[in-house]
Amino acid sequence: MHPEALLAQRLARAFETVVGAAVDPMVRRSQHADYQADGALAAARRLKSNPREIATRIAEQAALDDLCSTVEVSGPGFINLTVRDDVLVQLVVDVVHADRLGVDTPATPETVVVDYSAPNVAKEMHAGHLRSTIIGDAAVRLLEWLGHTVIRQNHVGDWGTPFGMLIEHLLDLGEDEAAHELSIGDLNGFYRAARIKFDDSDEFKERARRRVVSLQRGDAETLRLWQLLIGESQKYFMTVYGQLGVRLTATDFAGESAYNDDLAPVVAELEDLGLAKESDGALCVFPDGFSGREGEPLPLIVRKRDGGYGYASTDLAAIRHRLRSLEAARLLYVVGSPQHQHLEMIFQAAREAGWLTPPARAEHVAHGSVLGKDGKMLRSRAGRSVRLIDLLDEAVTRAIAVVSDKNPHLEGATQQAVARAVGIGAVKYADLSTDRNKDYILDYDRMLSFDGNTGPYLQYAHARIRSIFRRAGIEPPDVVGQVVITDPAERSLAFAVLEFARVIGEVEQSMQFHSLAGYLFELATAFTGFYERCPVLRAEAPVRDSRLVLCALTASILATGLGLLGIEVPDQL
RNA sequence: GCCCCCGUAGCUCAGCGGAUAGAGCAGGAGACUUCUAAUCUCCUGGUCGCAGGUUCGAGUCCUGCCGGGGGCACCA
């Protein structure tokens with residue numbers, strides 16, 4: 001158990017006794033001691049009594065002598081806690097012997113559906129898909145590592161009116177030529193050409209319209225052509241995912257078309273429940289708590305006036321499927337924040353339909369946009385959206401320059417692999433190290449810097465530790481020995497190591513990966529302080545072994561933590 | 001008009017109702033016979049958008065403004 005949990009557990013019992021009610025002891029790291037507990041202040045307000053007095057009684061009642069060397073009441077009623085050295089050592093040793101760096105498996109492993117990435121068939125993946133793909137991938141890695149059952153759902157845009165025009169354009173080009181264009185990733189050109197014809201030619205527009213009807217009717221030849229588009233696009237998406245290094249596979253594709261057969265039954269069910277009502281010729285669900293421009297109830301249009309189905313129907317079919325058939329307890333939608341209201345409406349409708357009931361819950365893991373250096377939506381010089389693959393290639397190209405400049409000893413293939421890990425890692429870290437709700441500015445120079453809170457800095461910190469083991473000629477599993485903590489830098493590093501479990505638990509709930517990133521940066525910072533002050537290989541036997549243990553733990557947490565963010569850790573940079 | 005997100009150091013960002021608001025970058029001053037100096041230490045730098053309110057205590061919660069972005073019926 002990590003120190004905060006341990007102290008909180010003990011203090012909670014003391015609060016129970018003294019206050020006569022459950023109080024959160026509010027234990028956290030402190031500048032004034034190892035930890036501080038602020039719960040007495042809140043408790044005093046409830047009891048309308050003196051917080052210092054309560055804090056003093058709590059401190060006495062908790063009898064923390066076996067855990068703390070000093071327990072002091074300070075200021076208006078803070079309880080400052082200094083952990084005993086032998087306890088600190090024992091906690092570190094516990095982590096060494098623990099299965100997963102001291103992180104507990106969840107009490108109740110759940111089935112979690114993660115909906116992320118969601119590119120559109122026959123359309124380029126652009127910078128806008130970056131965040132959903134990266135954040136979703138991190139969510140998947142974290143939840144799987146913790147022991148949850150994770151079902152990845154790539155809600156690909158593979159259905160709808162644009163496919164009439166896309167298929168007709170495909171026919172105009174000829175299947176072979178179209179497949180060629182799509183396979184080389186010229187999706188922008190393909191889509192744009194179709195769009196231009198659609199806008200300029202009434203004849204084409206009419207063909208496209210008829211083709212949509214054929215598609216919806218299930219015409220075999222039309223479906224074959226549609227499949228062709230999907231197949232080529234999937235191949236292309238997989239190359240982008242490959243370059244990005246995310247775990248999405250072809251089996252995770254669960255596009256909008258997957259719900260076609262469910263749409264009519266879902267709408268029928270909503271009608272039977274009395275939730276769907278006709279309005280302006282369309283069939284609508286009006287989830288509770290949403291209003292539009294004129295204060296009128298806001299609809300989810302589940303069947304359009306023309307009888308067709310829109311994305312609200314698809315999303316409702318998807319949420320029903322995920323809850324009923326996949327039996328998910330937690331639904332994560334890693335989708336940009338502009339979709340917030342729409343998703344909340346879907347969730348509310350699902351609750352009203354009785355599909356989404358506790359303990360199952362749905363969460364919008366919202367994220368902001370990627371901006372250019374000018375603070376506006378990322379655009380190429382031509383003013384178009386930036387292709388995701390170009391963005392990634394640019395990062396890797398720059399990383400090659402950085403890596404070869406700084407370490408000329410690395411050879412061809414190794415250098416390429418390291419540069420790729422550094423370049424892609426830098427992009428991911430830049431994304432995951434800030435609050436996902438906010439927009440962030442993509443700046444290659446900053447993200448590829450080895451100074452500051454960046455991916456390369458953390459990869460470097462890890463590589464430095466690996467270098468120690470290379471020199472010592474041993475590997476972490478063979479590191480045995482007692483842990484001895486004397487230097488303040490060792491003490492700081494030990495506490496940093498112990499914080500990992502707490503941070504992981506927090507991120508599991510919040511899906512705020514920047515707190516994991518921030519933690520890893522703090523750990524790396526604590527390690528560098530240790531590295532500067534505490535020689536490892538030159539130390540004498542018991543201290544040397546102890547320091548190797550700290551090195552091994554730090555390297556392991558850095559590798560694991562970065563791994564959970566989807567970032568590779570090369571042995572050397 | 002209503003709703004959502006954002007506004008913290010020159011720049012990029014943390015900050016969970018609690019002690020003097022923290023990092024990194026940039027700027028200034030130091031430290032290499034060293035386990036990777038791709039580093040470390042110190043310094044400089046803040047009317048936390050504005051104004052009220054709640055509280056023993058507000059960057060954090062509430063209300064109203066200002067500024068930026070986004071959403072609000074048949075595209076997805």
Side-chain angles (χ1 to χ4, degrees), chain A residues 26 28 30-32 36 38 41-42 44-45 50-51 74-78 80 118 120 155 157 159-162 256 279-284 289-296 298-312 314-315 336-342 344-345 366-369 371 375-377 402-403 405-407 409 430 433-435 437-441 443 445-447 449-454 456-457 459-461 463-472 506 510 514-515 517-518 521-522 525 528-529 531-539 547 551 572-573:
Chain A
M26 306 218 310
R28 57 199 56 180
S30 174
Q31 300 171 357
H32 304 87
Q36 66 183 60
D38 302 341
L41 292 148
R45 175 171 34 196
N50 185 326
S74 145
F78 305 110
N80 289 343
N120 292 307
H155 199 76
W159 198 253
T161 44
E256 294 169 345
S279 171
D280 270 346
L283 194 64
C284 303
F290 297 89
S291 53
R293 271 181 225 282
E294 318 298 332
E296 80 287 6
L298 205 56
L300 282 170
I301 295 170
V302 297
R303 195 172 61 215
K304 296 188 284 187
R305 200 173 357 205
D306 66 5
Y309 299 105
Y311 77 134
T314 310
D315 285 344
S337 41
Q339 300 283 343
H340 186 68
Q341 182 176 255
H342 168 71
E344 289 299 334
M345 288 174 74
H367 61 79
S369 310
L371 306 179
K376 294 182 184 158
M377 292 288 280
V402 172
V403 168
D405 180 46
K406 301 294 186 184
N407 191 347
H409 304 299
S433 60
T434 62
D435 184 339
N437 289 308
K438 298 188 189 178
D439 298 342
Y440 78 94
I441 293 173
D443 180 342
D445 292 329
R446 194 191 309 278
M447 71 171 71
S449 166
F450 283 86
D451 298 318
N453 190 8
T454 68
Y457 173 81
Q459 287 170 324
Y460 172 65
R464 264 171 138 187
I465 306 176
R466 296 297 306 155
S467 166
I468 293 174
F469 286 105
R470 258 198 310 280
R471 290 223 168 207
E506 192 182 295
S510 70
H514 75 289
S515 52
F521 179 64
E522 273 173 30
T525 305
T528 349
Y531 184 88
E532 292 291 319
R533 290 182 51 110
C534 306
V536 177
L537 299 178
R538 282 179 284 121
R547 288 181 178 169
C551 286
Q572 48 184 323
L573 296 192

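Every value quoted in this text rests on a predicted model; they were computed, and no experiment measured them. Numbers restart at 1 for each chain; the letters A, B, ... are given by sequence-line order, proteins then strands.
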Taking atom types as they are modelled, is there a donor-acceptor pair under 3.5 Å from the base of A19(B) to the side chain of Ser74(A)? yes
If you go through the side-chain atoms of Glu256(A), does one of them form a donor-acceptor pair with the base of A76(B) closer than 3.5 Å? no
Should A23(B) form a Watson-Crick or G-U wobble pair with both distances under 3.5 Å, which nucleotide is its partner? U12(B)
Taking the side chain as every heavy atom from C-beta outward, state whether His32(A) and Phe78(A) have any pair of such atoms under 4.5 Å apart. no
Watson-Crick or G-U counterpart of A29(B), or none if no pair lies under 3.5 Å: U41(B)
How long is the straight-line distance from CD of Gln572(A) back to CG of Asn407(A), given to the nearest 0.5 Å? 7.0 Å
Assign each of Arg471(A) and Ser30(A) the nucleotide of RNA chain B bearing its closest heavy atom; nearer the 5' end lies the nucleotide of Ser30(A)
Would you say the base of A19(B) and the side-chain of Asn80(A) have a donor-acceptor pair closer than 3.5 Å? yes
Write down the distance separating the C1' atoms in C13(B) and G17(B), rounded off to the nearest Å. 22 Å
So do Met26(A) and Leu41(A) actually touch side chain to side chain, heavy atoms under 4.5 Å? no
Atom C1', compared across A14(B) and G59(B): separation rounded to whole Å: 12 Å
Nucleotide paired to C56(B) in any strand shown, Watson-Crick or G-U, under 3.5 Å: G18(B)
Rounding to an integer number of angstrom, what distance separates U47(B) and A21(B) when you compare their P atoms? 13 Å
Taking only the C1' atom of each, what is the distance from U60(B) to G22(B) in whole angstrom? 15 Å
Less than 3.5 Å between a donor and an acceptor, one on the side chain of Arg293(A) and one on the base of C2(B), is that the case here? no
Is there a donor and acceptor pair, one atom on the side chain of Tyr311(A) and one on the base of A76(B), closer than 3.5 Å? yes
Decide yes or no for Lys304(A) and Tyr309(A): does some side-chain heavy atom of the first lie under 4.5 Å from some side-chain heavy atom of the second? no
Can you check the distance between U20(B) and C48(B), where both ends of the measurement are the P atom (answer in whole Å)? 15 Å
Rounded at 0.5 Å granularity, tell me how far OG1 in Thr525(A) sits from OH in Tyr457(A). 4.0 Å
My understanding is that a pair needs two contacts under 3.5 Å, Watson-Crick or G-U wobble. By that rule, which nucleotide pairs with G7(B)? C66(B)
Say you pick atom P in A76(B) and the same atom in U63(B); how far apart are they, in whole Å? 36 Å
Please work out whether the ring planes of Tyr460(A) and Phe450(A) are parallel, tilted or perpendicular, with thresholds of 30° and 60°. perpendicular
Below 4.0 angstrom from OP1 or OP2 of G18(B), is there any side-chain N or O of Arg28(A)? yes
Paired with G1(B) by Watson-Crick or G-U wobble geometry, both distances under 3.5 Å: which nucleotide is it? C72(B)
Which is more 5' along RNA chain B, the nucleotide nearest His32(A) or the one nearest Tyr531(A)? Just name the residue. His32(A)
Is there ring stacking between Phe521(A) and A23(B), where the centres must be under 5.5 angstrom apart and the planes under 30 degrees? no
Roughly how many Å apart are G45(B) and G28(B), using the C1' atom of each and rounding to a whole number? 11 Å
When you measure only distances, ignoring hydrogens and angles, does the side chain of Ser279(A) come within 3.5 Å of the base of A73(B) through a donor and an acceptor? yes
Expressed as a whole number of Å, how far does the P atom of C11(B) sit from that of G46(B)? 12 Å
